[in-house]
Visitor: 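To start, I am sharing the structure in question, which I have written as structure tokens.
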Amino acid sequence: MAHRHHLDLDPTGTAHVTDVVRADDLVIAVCDNAHEELTGPVRPRLHWSVPDPARADTDEAFEAAYADLADRVDRLAPAVLPRGPR
């Protein structure tokens with residue numbers, strides 16, 4: 001599924017958020033548990049409650065989650081990307 005959308009996933013696994021996040025990063029939790037559990041210096045600034053597609057384990061569920069997140073990112077990006085000189 002990830003390859004269909006040209007997402008490059010690390011085959012060795014995932015990193016913990018505290019190992020990759022920088023102070024000026026925008027952290028968005030897409031899981032209710034992650035939103036509640038992330039504390040300290042890594043605190044989500046946004047929370048998007050997205051149903052976990054792994055629970056349904058269907059291509060349709062993964063496509064719906066991808067489409068939902070892609071749409072949200074497309075709408076958010078212009079507001080958070082640095083603007084060039086005016």
Side-chain angles (χ1 to χ4, degrees):
M1 189 67 50
H3 296 292
R4 180 182 308 165
H5 294 286
H6 308 288
L7 300 175
D8 185 22
L9 301 179
D10 186 346
T12 61
T14 58
H16 192 274
V17 67
T18 57
D19 295 334
V20 296
V21 118
R22 297 180 307 236
D24 61 341
D25 286 343
L26 173 62
V27 177
I28 303 171
V30 296
C31 166
D32 295 338
N33 290 339
H35 181 253
E36 293 172 9
E37 292 174 10
L38 285 173
T39 59
V42 178
R43 185 81 188 124
R45 295 189 202 162
L46 292 175
H47 175 221
W48 295 341
S49 186
V50 176
D52 184 356
R55 289 186 183 177
D57 196 24
T58 65
D59 285 351
E60 293 79 15
F62 282 94
E63 284 297 328
Y66 177 86
D68 183 14
L69 290 169
D71 180 59
R72 292 177 191 223
V73 168
D74 286 345
R75 288 184 282 133
L76 177 65
V80 296
L81 290 175
R83 298 179 187 190
R86 295 180 189 217

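Note that this is a predicted model, so its numbers are computed, not measured. Throughout, numbering of the chain's residues begins at 1 and tracks the sequence.
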Visitor: Under 4.5 Å between side-chain heavy atoms, counting indirect links through other Ile/Leu/Val/Met/Phe/Trp/Tyr residues: same cluster for L7 and V50 or not?
Guide: no
Visitor: What are the two closest non-hydrogen atoms of W48 and L69, and how far apart are they?
Guide: CE3-CD2, 3.9 Å
Visitor: Report yes or no: do H5 and E63 form a side-chain donor-acceptor pair below 3.5 Å?
Guide: yes
Visitor: Could you list the donor-acceptor pairs under 3.5 angstrom formed by side chains in residues 51-58, with sequence neighbours left out?
Guide:
from	atom 1	to	atom 2	distance (Å)
D52	OD1	A54	N	2.9
T58	OG1	A61	N	3.1

Visitor: Considering non-hydrogen atoms only, spot the tightest contact between S49 and R72 and give its length.
Guide: O-NH2, 4.1 Å
Visitor: Work out which heavy atom in T12 is nearest to a heavy atom in D10; give both atom names and the distance.
Guide: OG1-OD1, 2.6 Å
Visitor: Hydrophobic clustering (ILVMFWY, side-chain heavy atoms < 4.5 Å, transitive) - are V80 and V73 grouped together?
Guide: yes
Visitor: Using a cut-off of 6.0 Å, state whether more than 12 heavy atoms not belonging to D74 lie near its atom CG.
Guide: yes
Visitor: Could you give the distance from CZ (R45) to CD1 (I28), rounded to the nearest 0.5 Å?
Guide: 10.0 Å
Visitor: Output all residues satisfying salt bridge (Lys or Arg N to Asp or Glu O under 4.0 Å) with D59, sequence neighbours left out; order by chain, then residue number.
Guide: none
Visitor: Restricting to non-hydrogen atoms, name the atom on D25 and the atom on V20 that form the minimum distance, rounded to 0.1 Å.
Guide: OD2-O, 4.0 Å
